[in-house]
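Here is the structure we will look at, set down as structure tokens.
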2 protein chains.
Amino acid sequence: MTLDAETKAVETPEDHAEELRLWLRLLTCTNLIESEIRSRLRERFDVTLPRFDLMAQLDKAPDGMTLSDVSKRMMVSNGNVTGLVERLVESGHLDRRTSDTDRRVQVIRLTKLGRAEFRKMAGEHETWIADIFADLTERDVRELMRLLAKAKGSAQNAVQRRDA
Amino acid sequence: MTLDAETKAVETPEDHAEELRLWLRLLTCTNLIESEIRSRLRERFDVTLPRFDLMAQLDKAPDGMTLSDVSKRMMVSNGNVTGLVERLVESGHLDRRTSDTDRRVQVIRLTKLGRAEFRKMAGEHETWIADIFADLTERDVRELMRLLAKAKGSAQNAVQRRDA
DNA sequence: TGCAATTCTTTTATGCTTCAAGCAATTGGC
DNA sequence: GCCAATTGCTTGAAGCATAAAAGAATTGCA
């Protein structure tokens, strides 16, 4: 069996068609769900996904966060956060102030309005997700969690290898 | 057991925390891989993922495709395709002509240059994906494929229900 | 103390993405 | 043959996203 596998690996340069199909399926599945969530957020609350995600971060940080913190947590660029925050301050959902101890730092937090709206959205959002995964059994969910964790680890290793 | 479950369902409005965590994991996992692929495409070939995806569609259609076809296949808006195609024609990767039988229709196909470059990129791309999923066993891949298919079906059902 | 390096944020240029509105060509019913 | 509806594409406005450069403030070290 081991010999066979090795022989094959030498004969045909490599067959990675399965992995490729897995990647495509992962991507389609995620995109399908993501675009459904975007639609519902837009329709129901007239809000975009990036705005929702930013508010979700801030909801977990009652004392506020710096723009850098947000940028790291959301895994998006600094410049991106600057613009996003600007629009959310504009609409009254966020409060932004310069830190007392370091004038380079901007601290943002949810306003009362922002928090109230987010909580409302988050509640519905959770039911949408449940609805979307309704056909999966508890066991399916557990297995997916496990395999996705493994896949994520594998991807992180690949990133590491390249960065090295 | 059944009674218990039902009782619980009535008492606590619902607990969908697991599904929510599954969604977040699916999203992070996909984003991690996608951004790694974007980086590599950019570094190695100075090309963006949307351009690569569009060329991938055209590589499978030697006789060309209409913009609408591309738009459906890629699941993006018409206006998006218009701009994408414009830039790829500009750079010499695509050939675009008005259909003989219907002057509304634009038919695009890869140029010789476009095809050559795409083939080169596609080859490396496949090895990147294999590298990214290297820690998964064959069995893991099969299981993930199966569960993602189920998840996709579940999501499609949810979309259907909402559209209805 | 002074100044170089670092850190935090913003700005700029470019590209992707959507939706909505609009234009051009074709089709279908009368 | 005519005209309304449909189809295919483009345009325009707004938002999201990045990388790179630059501007401010702080830190650390000689």
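All values reported here derive from a predicted model rather than from experimental measurement. Here is how names work: the chains are called A, B, and so on, in the same order as the sequence lines, proteins then strands, and each is numbered from 1. Computation of the quantities below employed the complete heavy-atom set of this structure, encompassing side-chain atoms and omitting hydrogens, waters and symmetry-equivalent molecules.
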(message) If you take any heavy atom closer than 4.0 Å to DNA chain D, which residues from residues 61-72 of chain B end up in contact?
(response) B:Thr66, B:Leu67, B:Ser68
(request) Considering only NZ, NE, NH1 and NH2 on the basic side and carboxylate oxygens on the acidic side, decide whether B:Glu34 and B:Arg38 come within less than 4.0 Å. (result) yes
(request) Return the value, rounded to whole Å, for the distance between atom CG of B:Leu41 and atom P of D:dA19. (result) 14 Å
(request) With sequence neighbours excluded, tell me which residues meet salt bridge (charged side-chain N to carboxylate O under 4.0 Å, His left out) with A:Asp131. (result) A:Arg40, B:Arg161
(request) Scan residues 46-59 of chain B for pairs that pass side-chain hydrogen bond (donor to acceptor under 3.5 Å, both in side chains), counting only residues two or more places apart or in two chains. (result) B:Gln57-B:Arg73, B:Asp59-B:Arg115, B:Asp59-B:Arg119
(request) Measure the distance from CG on B:Asp46 to P on C:dT14 and round it to the nearest whole Å. (result) 14 Å
(request) State the NZ-CD1 distance between A:Lys152 and B:Ile33, to the nearest 0.5 angstrom. (result) 11.0 Å
(message) Between the side chains of B:Glu117 and B:Lys120, is the shortest nitrogen-to-carboxylate-oxygen separation below 4.0 Å, so that they form an ion pair?
(response) no
(request) Could you check A:Thr101 against A:Leu49 and say which one's nearest nucleotide on DNA chain D is further toward the 5' end? (result) A:Leu49
(request) With the side chain of B:Thr82 defined as its heavy atoms from C-beta on, choose the nearest nucleotide among C:dT26, D:dC16, D:dT10. (result) D:dT10
(request) For B:Arg103, check side-chain contact (heavy atoms from CB on, under 4.5 Å) against everything at least two apart and list the hits. (result) B:Thr98
(message) Measure CG/A:Asp102 against P/C:dT9 and give the value in whole Å, please.
(response) 8 Å
(request) For A:Gln106 and C:dT10, give me the distance from atom CD to atom P, rounded to whole Å. (result) 5 Å
(request) Verify the distance criterion only: is there a donor paired with an acceptor across the side chains of B:Thr66 and B:Ser68 at less than 3.5 Å? (result) no
(request) Please work out which residues in residues 28-35 of chain A have a non-hydrogen atom less than 4.0 Å from an atom of DNA chain C and list them by number. (result) none
(request) Kindly say whether A:Ile132 contributes a backbone atom to a donor-acceptor pair with the side chain of B:Ser154 at under 3.5 angstrom? (result) yes
(message) Once side-chain contact (heavy atoms from CB on, under 4.5 Å) is applied, do any residues pair with A:Asn78, and if so which ones, sequence neighbours excluded?
(response) A:Ser71
(message) Using whole Å, what does the distance between atom P of nucleotide D:dC9 and atom CZ of B:Arg96 come to?
(response) 9 Å
(request) Indicate yes or no: does A:Glu36 engage B:Arg162 in a salt bridge with an N to O separation below 4.0 Å. (result) yes
(message) So, using ring-ring contact (aromatic ring centres under 6.0 Å, His included) as the criterion, who are the partners of B:Phe118 when residues are at least two apart?
(response) B:Phe52
(message) Clusters formed by hydrophobic residues whose side-chain heavy atoms approach within less than 4.5 Å: which one holds A:Val105, and what are its other members?
(response) A:Val107
(request) Starting from A:Met75, walk the hydrophobic network (Ile, Leu, Val, Met, Phe, Trp, Tyr; side-chain heavy atoms closer than 4.5 Å) and list everyone else you reach, by chain and number. (result) none
(request) Round to the nearest Å and state the distance from B:Phe52 atom CZ to C:dG15 atom C1'. (result) 18 Å
(request) For the helix from C:dT1-D:dA30 to C:dC30-D:dG1, figure out the bend between the end axes, five pairs an end, and round to 10 degrees. (result) 10°
(request) Can you run down the side-chain hydrogen bond (donor to acceptor under 3.5 Å, both in side chains) pairs that involve residues 139-148 of chain A, sequence neighbours left out, and say none if there aren't any? (result) A:Thr137-A:Asp140, A:Asp140-B:Lys150, A:Glu143-A:Arg146
(message) Just the rounded figure in Å: distance from P of D:dG23 to CZ of A:Arg103.
(response) 19 Å
(message) In this structure, how many angstroms lie between the P atom of D:dA25 and the CG atom of A:Asp100, rounded?
(response) 15 Å
(request) Heavy atoms under 4.0 Å is the rule here; annotate nucleotides 17-24 of chain C 5' to 3' with B where the base is hit, S where only the sugar-phosphate is, and - elsewhere. (result) SBS----B
